[in-house]
Each structure stands twice: as C-alpha cells, then as structure tokens.
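Below is one structure; the comments refer to it alone.
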Amino acid sequence: MGLRFLNTLTRTVEPFVPLDPAGREVRMYTCGPTIYNYAHIGNLRSYMFEDLIHRHLELRGFTVKRVMNITDVDDKTIRDSRRAGLSLGAFTEVYLQAFYEDLKTLRIKPADAYPRATSSEYIERMIRMIATLIERGHAYQAEDGSVYFRISSFPAYGRLANLDLDELRPSGRVASDEYEKESVADFALWKAWDEADGDVGWESPWGRGRPGWHIECSAMATALLGDQLDIHCGGVDNIFPHHEAEIAQTECCTGVPFVKYWLHGEHLLVEGQKMSKSLGNFYTLRDLLDKGWSGREVRFALLRVNYRLQLNFTFAGLEDARTALGRIDEWVARLTDHARAATGPESHPAFEGERFEAALDDDLNISAALGVLFEAIRETNRALDAGILTPGQARAGLDWWSRLNHVLVLDTEAAAIPAVVTALLEERQQARLAKEWKRSDELRDQIAALGWEVKDTKEGVKLTKKAA
RNA sequence: GGCGGGGUAGCCAAGUGGUAAGGCCGGGGUCUGCAAAACCCCUAUUCGCGGGUUCGAUUCCCGCCCCCGCCUCCA
C-alpha cells in the first residue's frame, strides 16, 4: 500500500498520484493566516497538519512546491488597523512577522512562497480573472457596485461540501447590504469601496474597491502553481464556502479541474470546549511560551493526534507531551553514548523496514507512527539493559531516529553547558569521590539554581537543562 | 432539517472478521550515599446501546442514544 489520502472531494481514501507525469513534483497550496492578530493554537494546529503533509511527502521522495497565502486585507484587518490608527500595511506587518516567528518556533517547514493579497501583481491578476468571469457570464456587477459570482452558472457548486444548495437553511448571517445579489448564495469577487474602508482600495473596471477573500486564493494559487494543483488544504471550516468558491471561480476561468486532492484538518477544542475569548480558553503560542512551555512541546502536543480528529488541547496534555519527549530524549542520549564505540551501523529488527513511514502513508496516521517509535524505544531500552544491543545497532537506531525527524522534528537542540556549571559539576564529582555528601548536595543545589539538573546514573553523571 | 466527524481503560489514542498498538497517570521492581531521574514489569475478557449476519464482531448490516462541527467570508 502506498501513500494515500482522504480526499474531501470524493470522501474516500485515494492513492496519491501527483499530476506531474514524472510522478515526483507535488504542487501544494495551503490556506494561510489573515494577519489581524497573533495566530491562536487552533490556527497553528492547521499549519502543523500542513507541515506534516509537506514533510511526509518529502520523506517519501517527492519534491514539494508549496505556497501559503497571506491575507492582508479583509474586513478585520481594515477595521482593526483603523482602530489602531495605523495604515493597513503597518498594522499587518506586525502580525506577519509574529506569524513567521511562530512557524519557526513550532519548527514548521517554510513554504516556498508567501504571496500577499495586496501585492499589485496579484490584485491585477484578480481583476483579470473577475473580468474573464463577467465575460463568460459567471459574474455580474450588482447595484451596490460589487461584483458577485453567479453560482447558478456553475452546477458543480456545492459538490466539495456535499451541500444541496436548494436546501440551504438561511442562517441569518447574510449581510443586509447584499440584497442586490441575484441569489443569496452568490459570493463577492470584488467589493465596492465604502466609508468603512478608509484609504484602502484599488481602482478597477468596476470602480474603487477591494478583492473578495475567495478570489485571492484562486489568483495566487494559479499564478504560482499553475492552473492545476495536486493538494490544497486548510481547516474544515474552509470547505464551505471558501474552497467551494475557489473551485467555482478557478475552474470557470481555466476550464480544467483545479485541485486533485483536498485535505482538511479538524479544529481543536480547549479543555473540551470550543476555544473562545469569552470562555478564557483562548491561547496564542506566545501565551504558552510565557507559561514555560517550549515550541517543541507544543509541536508534539499539536502533532500527536490525527489531523482528522478534533484535538482536545489541555494543559494535562502538554504535561503528557513533556514527559513523553523526556522519554525520547533519554533514549536518544543512551543510544548516543552507546554508539560511540561503533564502527558502523548494524541491523536491528526495531529499525528495519518502513513501519513508521507506512503508518504515515495511511492518510498521515501519526498516532500509529508514534506507536512504532515508542515500541522501538522500549525494545531497544530492554536490549540495552540486557547488554545485548551492539554499538553498531545503537548507531543504526540514531540513523533511524534521524530519518523519523525529517517528519517529526522533535530532536533537542543541544543546550550549551555554561562553564560555571561545568566547574561546579567537576567540584561535585571530587566531593563525591571523597564521600563528602553534604558538600556534594550543596553543589547540586547550586547547579540547580543555575537551571541545570544533575542526575547520577549508572552510566555516570548527567546534566539536563531544566524546562523554563 | 441537510451534510460531515466522533463515541475503545482515569486521560489522550491506534486498530482488526478470530478475540484489544502506543503515550500519560497509577501499582510493583531494578539502580542509587541520598535525592532525582532513568529503565523494566503490571494495569480494558472488553471497544456508546439494542438487534441481526457469522463457527466467531469492537471490527459487517439494521435501528437507537449521546457529543462536536459546518450550512455564506471562523484554522
């Protein structure tokens, strides 16, 4: 069984075969952030899921060309920049930089491009696409000056979300100023300027205004990746209407199927409830860092549950992640020590085959993949205890771990040990040899005060940097 | 009302027509000057409920209950 994904479009698990005739290059588009605030952990979970796809495709030998859009103009960015008394660009720049930092902290692999909706080249492209849609009868300008997509002109509209448009229940969320539309379900391609937009706006054949959200992705995706993509992903909430709209617009412009595989990540809950500011369970990455959690710990906590399941994010779960990572770290440290005497890798059953990769091949089954890792850890710890693991096998284990890390990226950064700590540790060793236990314990306390934990293990003294 | 996801040990969670991976917690042990850590072992006759098919179902079918999400710009 090769790599396969659950495709939202067909609601079945399908073998992954890229459009590239050579079968190597994968074109992937991932819906990025609207930069009007710091990303919250729910947003970040989606980016983690996209990172997992990206990295696993690479592990499987594909060359991934990935684009993530940056929405830097919409109702919220305009509203909040005006409240802040800043220009739209100055306002969004802060959150854009914060977003890049968050990705780095979580060890998320950068996309090849982060196109911004306000770039003139993309605005122009959007205008051209809208003009094409109007020419072909797929769009019209309404009395309010805005341009809307005519969904009745695209029979496949609703297919991705599996919605029967005739049975749509009015949700009461339809803005009252959109009564000029032919059908309530028609969506905006170009929004006519109004006072709330302030100085934000671009000239177009339909007057001053700004692009609708959906057309942004269609323009940037096709500009950078071509008319047809292999993979397009985002959160489940994007299925309808956003991705549905993207399909309609794009296919009406290009005449070919837009995306081969649609993948959608589930949302997360916090302590069993929907995350919301009013419940006080709304967290950004920096909130968690401030509480002493590391990016690596958050990465693991967000990564360990399969992307199609709602993930219940809890502090107990973070504790869990911290302990489990500690177990991995100890194992890596043991293997590293043991492998020093190795001349080369020697095979060991725990590291043979591709069970880890095979688990991820199955629609990114990370839980099963981590199961493979922890089984290997237990098995080789047992062998180390029994003294039957060879240094060469330990070396093979480290090589295996390194391969897994192409996807997991859970290796520790080796923290440099300050000279003071080394000196204190040396002094303590002398005290211990002299059986001066009181002195030894004092020194241990001093080292602890500097943020390092001393452990006297069978293999000798070990130093660990304590979590902040 | 329509559409989708899910209900597996205290918590998180994988999985299969043949009798339940893994992580955390808990219990026991090894090691240790002490401490801490680490490591090992143990921990679900049972998979929301009721039927059915089957030699056998948690896994297939039917019905029901519960939770979560989407149904026009929220990852």
Side-chain angles (χ1 to χ4, degrees), chain A residues 8 11 30-34 39-50 71 74-76 151 158 161-171 173-175 178 181 184-188 191 212-214 216 233-242 244-245 264-269 272-276 300-301 304-306 308-312 314 316-317 319-331 333-334 359 362 365-375 377-378 381-382 384-386 432 435-438 440-441 444 448 453-459 462 464:
Chain A
T8 306
R11 288 167 290 281
T30 49
C31 280
T34 299
H40 62 246
I41 54 173
N43 297 319
L44 294 169
R45 189 207 183 185
S46 285
Y47 308 137
M48 286 287 310
F49 139 65
E50 290 156 1
T71 300
D74 80 320
D75 291 349
K76 284 177 297 226
I151 63 154
N162 195 22
L163 285 177
D164 183 343
L165 275 277
D166 297 333
E167 289 182 11
L168 277 188
R169 172 188 265 203
S171 72
R173 277 211 258 160
V174 180
E178 293 185 1
K181 294 192 290 186
V184 286
D186 288 353
F187 56 87
K191 300 182 120 172
W213 177 41
H214 314 305
E216 168 194 325
C233 34
V236 283
D237 55 296
N238 283 153
I239 297 173
F240 193 89
H242 185 51
E244 199 73 71
H264 292 96
E266 251 301 345
H267 283 187
L268 61 69
L269 302 171
Q273 290 182 291
K274 187 168 181 167
M275 179 167 63
S276 75
F300 188 61
R304 56 208 285 236
V305 175
N306 289 337
R308 284 197 288 113
L309 259 42
Q310 285 180 345
L311 181 157
N312 187 13
T314 63
E319 292 284 358
D320 233 67
R322 177 173 282 176
T323 314
L325 285 171
R327 180 169 163 81
I328 294 172
D329 292 345
E330 284 294 334
W331 172 73
R334 279 186 94 179
D362 182 15
N365 190 339
I366 190 73
S367 297
L370 289 171
V372 173
L373 168 63
F374 283 102
E375 277 174 24
I377 289 177
R378 183 159 37 74
N381 272 332
R382 207 189 283 134
L384 279 163
D385 285 354
R432 292 189 76 229
K435 298 197 188 295
E436 292 167 8
W437 306 126
K438 200 175 166 193
S440 162
D441 291 349
R444 182 166 61 200
E453 191 169 21
V454 180
K455 290 180 280 189
D456 300 308
T457 73
K458 261 186 284 190
E459 290 91 21
K462 278 185 186 166
T464 322

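Numbered from 1 within each chain, the chains take letters A, B, ... in sequence-line order. Quick note: numbers below take in every heavy atom, side chains included, and nothing from hydrogens, waters or symmetry partners.
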Give me the ring orientation class for A/F187 and A/H214: parallel if the planes are under 30° apart, tilted from 30 to 60°, perpendicular past 60°.
perpendicular
Rounded to whole Å, how long is the line connecting atom CZ of A/R308 with atom P of B/G69?
19 Å
May I have the distance from A/L309 (atom CG) to B/C11 (atom P), rounded to whole angstrom?
16 Å
Base, sugar-phosphate alone, or nothing: which one does A/H40 contact when heavy atoms must sit under 4.0 Å apart?
base
Checking all strands, does A/K438 fall into the base, sugar-phosphate, or nothing category for heavy-atom contacts under 4.0 angstrom?
nothing
Can you tell me if A/N381 touches the phosphate of B/C40, counting only side-chain N or O atoms and a distance under 4.0 Å to OP1 or OP2?
yes
What's A/D75 touching, base or sugar-phosphate or nothing? Going by heavy atoms closer than 4.0 Å.
nothing
Using OP1 and OP2 only, check whether a side-chain N or O of A/N238 sits under 4.0 Å from B/A75.
no
When we call it a touch if two heavy atoms are under 4.0 Å apart, what does A/T34 touch: a base, just sugar-phosphate, or nothing?
nothing
Check every strand shown and say whether A/A324 touches a base, only sugar-phosphate, or nothing at a heavy-atom separation below 4.0 Å.
sugar-phosphate
Among the nucleotides B/C25, B/C73, B/C68, which one has an atom lying closest to any side-chain atom of A/T323?
B/C25
Is there a stack between A/F374 and B/G22, judged by ring centres under 5.5 Å and planes under 30°?
no
Would you mind classifying the nucleic acid contact of A/A245 as base, sugar-phosphate or nothing, using non-hydrogen atoms under 4.0 angstrom?
nothing
Nearest-angstrom distance from the residue atom CD of A/Q310 to C1' of B/C70:
11 Å
